[in-house]
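The structure appears below as C-alpha cells.
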Protein chains: 2
Amino acid sequence: MSEHEMQNTRESILIAARNVFVKKGYAGARMQEIADEAGINKALLHYYFKNKETLFEMILFEALKTIQSGILVVLESEMDLFEKIRFFCSRYISFLQSNTYLVSFILNEINRDQEKLVKYFTRAGIKAPEKLMIQIEEETLKGNIRKTDPRQLVLNILSLCIFPFIARPIVKGVFRIQEKEYNELIERRKKEVPEWIISSLKKE
Amino acid sequence: MSEHEMQNTRESILIAARNVFVKKGYAGARMQEIADEAGINKALLHYYFKNKETLFEMILFEALKTIQSGILVVLESEMDLFEKIRFFCSRYISFLQSNTYLVSFILNEINRDQEKLVKYFTRAGIKAPEKLMIQIEEETLKGNIRKTDPRQLVLNILSLCIFPFIARPIVKGVFRIQEKEYNELIERRKKEVPEWIISSLKKE
DNA sequence: GTCTATAGCCAGATAGAC
DNA sequence: GTCTATCTGGCTATAGAC
C-alpha cells in the first residue's frame with residue numbers, strides 16, 4: 001500500500017526532523033542525522049522534501065499552528081478578565097510542559113531570519129489578542145483595576161509562562177536543582193503565575 | 001610596534017567574532033565572515049585562535065564575566081529587600097539595553113552544549129544569589145511579605161527583565177510596533193517591573 | 001604578523017538502478 | 001518509493017612565502 005507507506009515515511013521524517021532541528025538548530029542540523037533518525041537515507045529525504053529549508057519551514061509552520069490553535073485561541077474567548085488570566089496561564093504552562101520542543105524550536109529561529117519568522121506567525125493566524133486588550137481597557141476605565149498598558153500585561157504573562165522553559169538548563173545548573181524538582185517548581189507556577197499577575201492588577 | 005598591532009588585531013577579531021556569532025549562532029557562523037568583518041584573512045584568524053571552538057569559548061566567557069560583574073553582583077549587596085529589587089531590575093534592564101548582544105549570544109548556546117554552558121557560568125563566578133534568598137526568607141519569617149519561594153521570585157525577576165529582549169522581534173511583528181516604540185515600552189519597565197514584583201510580595 | 005594557496009573534509013543535493 | 005554512488009560546493013584548517 002504505497003500511499004499508506006508514504007504517509008508513514010513522510011510522518012517519520014517530520015518527527016525526526018523536528019527532533020534534530022530542536023537539538024541542533026537549523027545550521028547545526030544534518031540531513032544525514034535526520035535520515036538516520038527516520039530510518040531512511042538522505043536521498044529519500046530529498047524525494048519527500050525539496051531541500052533542508054523547505055523541510056524546516058514545514059515544521060516551523062506546524063509548530064506555530066499548534067501554538068495558535070492549542071493555546072492562543074483562549075485569549076479571544078468570552079471569559080471575564082481574571083478568570084481568563086487564570087485559565088490561560090495555567091493552560092499555557094501545561095501546554096509547554098507537553099510540547100517542550102516548541103520553545104527551543106522558535107528560539108533557534110529568532111536570530112536566524114526574523115522577517116520570515118514574523119511572516120510565518122501571521123500565516124499561522126497568530127496576532128495581537130484584541131479581545132483581551134479591550135477587556136483590560138474596559139476594566140481600567142471602570143476603575144476595577146490599576147491603569148495598565150495592555151501590551152505590558154501581555155508581555156508579563158508571556159514572560160512568566162515561557163521564560164522558565166527557556167532558562168531551564170541554566171537555572172538548574174546555577175541553583176543546583178534536579179530535573180524532577182525543577183518540574184515541580186514549574187508545576188506550582190500554574191497556580192502562582194496568574195495570582196501574581198492579578199495582584200499586580202489590583203488597586204492597593 | 002608589533003605588540004600594539006597584535007592587541008589591535010586580536011581585539012578586532014574578538015569584536016567581529018562576537019557580532020557574527022550573535023547573528024548566526026555557532027554553527028551558522030563562518031570563519032570567513034569573521035575575518036572579513038575584522039578586515040583580515042582567515043589564516044590570521046587561526047594564527048590568533050587555534051580554532052573556531054576556542055574563539056567561541058573566549059567570547060562566551062567574556063560575555064558571562066560581563067554579566068556577573070556588570071549586574072549580578074548587585075544581588076549580593078547590602079541594600080534592603082525592596083530597595084534591592086528596585087535597583088536590580090532597573091539596572092538589569094539598562095544593562096541589557098546597552099548589551100543587547102548578550103541575550104542572543106547565550107540563547108544560541110543554550111541548545112548547543114548545555115553542560116559546557118553551565119560549566120562556564122560557574123567559572124565566570126555566576127551562582128545562586130544566596131544573600132537575596134536569605135533576605136527573602138527573613139522577611140517572610142518576620143511576616144513582612146507573603147510566603148514566597150525565593151527561587152520562584154528570582155525566576156520571576158529574570159523572566160520579566162530578560163524575556164522582552166528575547167521576544168522583541170516577535171512581539172514587534174505581532175503587535176505591529178516600531179523599534180522606537182518598543183524601546184519606550186522597555187524603558188517604562190525599569191520602573192514598572194520592580195513595582196509589579198513588589199506588589200506580588202505584599203500581603204493583601 | 002600577515003598574506004596566498006591549497007589540503008582535506010563534510011554536507012546538501014542529484015543521477016540512476018531496482 | 002527506496003536505495004547506492006557520486007557530484008559539487010563550501011568550510012575549517014594548515015603550509016609556506018614574504
Side-chain angles (χ1 to χ4, degrees), chain A residues 1-62 104-105 108-109 111-113 116, chain B residues 1-62 104-105 108-109 111-113 116:
Chain A
M1 204 132 296
S2 68
E3 196 163 335
H4 179 243
E5 290 293 328
M6 176 164 164
Q7 269 311 105
N8 281 346
T9 304
R10 207 188 147 80
E11 202 50 40
S12 52
I13 290 176
L14 286 171
I15 292 169
R18 204 180 73 185
N19 292 337
V20 176
F21 281 131
V22 166
K23 261 193 299 241
K24 305 291 175 69
Y26 179 80
R30 297 290 161 248
M31 295 298 264
Q32 184 62 60
E33 192 178 349
I34 295 174
D36 291 347
E37 189 146 336
I40 55 160
N41 61 55
K42 271 196 301 179
L44 201 52
L45 222 60
H46 285 92
Y47 173 80
Y48 281 98
F49 299 92
K50 200 169 88 256
N51 53 34
K52 191 179 176 184
E53 187 71 24
T54 308
L55 178 55
F56 184 82
E57 287 176 9
M58 209 75 106
I59 292 165
L60 175 62
F61 190 55
E62 279 308 311
S104 336
F105 193 73
N108 280 146
E109 185 65 355
N111 288 299
R112 204 174 67 89
D113 193 340
K116 189 177 280 176
Chain B
M1 202 132 297
S2 69
E3 196 163 334
H4 178 242
E5 289 294 329
M6 176 164 163
Q7 267 312 104
N8 281 345
T9 305
R10 206 188 145 80
E11 202 49 41
S12 53
I13 290 175
L14 284 171
I15 293 170
R18 203 181 74 183
N19 292 337
V20 176
F21 281 132
V22 165
K23 263 192 299 239
K24 305 291 175 70
Y26 178 81
R30 295 292 161 247
M31 294 299 265
Q32 183 63 59
E33 194 178 349
I34 296 174
D36 291 348
E37 189 146 337
I40 55 160
N41 62 56
K42 272 196 299 179
L44 201 51
L45 222 60
H46 286 92
Y47 174 79
Y48 281 97
F49 299 92
K50 199 169 90 255
N51 53 35
K52 190 179 177 184
E53 187 73 22
T54 307
L55 179 55
F56 184 82
E57 287 178 8
M58 209 75 107
I59 292 165
L60 174 61
F61 190 55
E62 279 308 313
S104 335
F105 193 71
N108 279 147
E109 185 65 355
N111 288 299
R112 202 174 69 88
D113 192 340
K116 187 177 282 176

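Chain letters run A, B, ... following the sequence lines, proteins first, then strands; residues in each count from 1.
- Of all the residues in residues 24-46 of chain B, Ile40(B), Asn41(B), Ala43(B), Leu44(B) reach under 4.0 Å from DNA chain C with at least one non-hydrogen atom.
- In this structure, Ile13(A) places its CD1 atom 14 Å from C1' of dC3(D), rounding to the nearest Å.
- For the pair Lys52(A) NZ and dG10(D) C1', the interatomic distance rounds to 13 Å; values are reported in whole Å.
- Below 30°, between 30° and 60°, or above 60°: for Phe21(A) and Phe56(A) the angle between ring planes is above 60°, a perpendicular geometry.
- We find that Lys116(A) and Glu57(A) are joined by a salt bridge, their nearest charged nitrogen and carboxylate oxygen being less than 4.0 Å apart.
- A salt bridge links Arg112(A) to Glu53(A): one of the charged nitrogens lies within less than 4.0 Å of a carboxylate oxygen.
- Using a 4.0 Å cut-off, no side-chain N or O of Thr9(B) falls inside it from OP1 or OP2 of dG1(C).
- Atom OH in Tyr47(A) sits roughly 17 Å away from atom P in dA17(C) (whole-Å rounding).
- Arg18(A) has no carboxylate O lying under 4.0 Å from a charged side-chain N of Glu62(A), or vice versa, which leaves the two without a salt bridge.
- Atom P of nucleotide dT14(C) and atom CZ of Phe49(A) are separated by 15 Å, given to the nearest angstrom.
- Annotation: side chain of Arg30(A) is not in contact with side chain of Lys24(A) (no heavy-atom distance under 4.5 Å).
- Between Asn51(A) and His46(A), the closest heavy-atom pair is CA-CD2, 4.3 Å.
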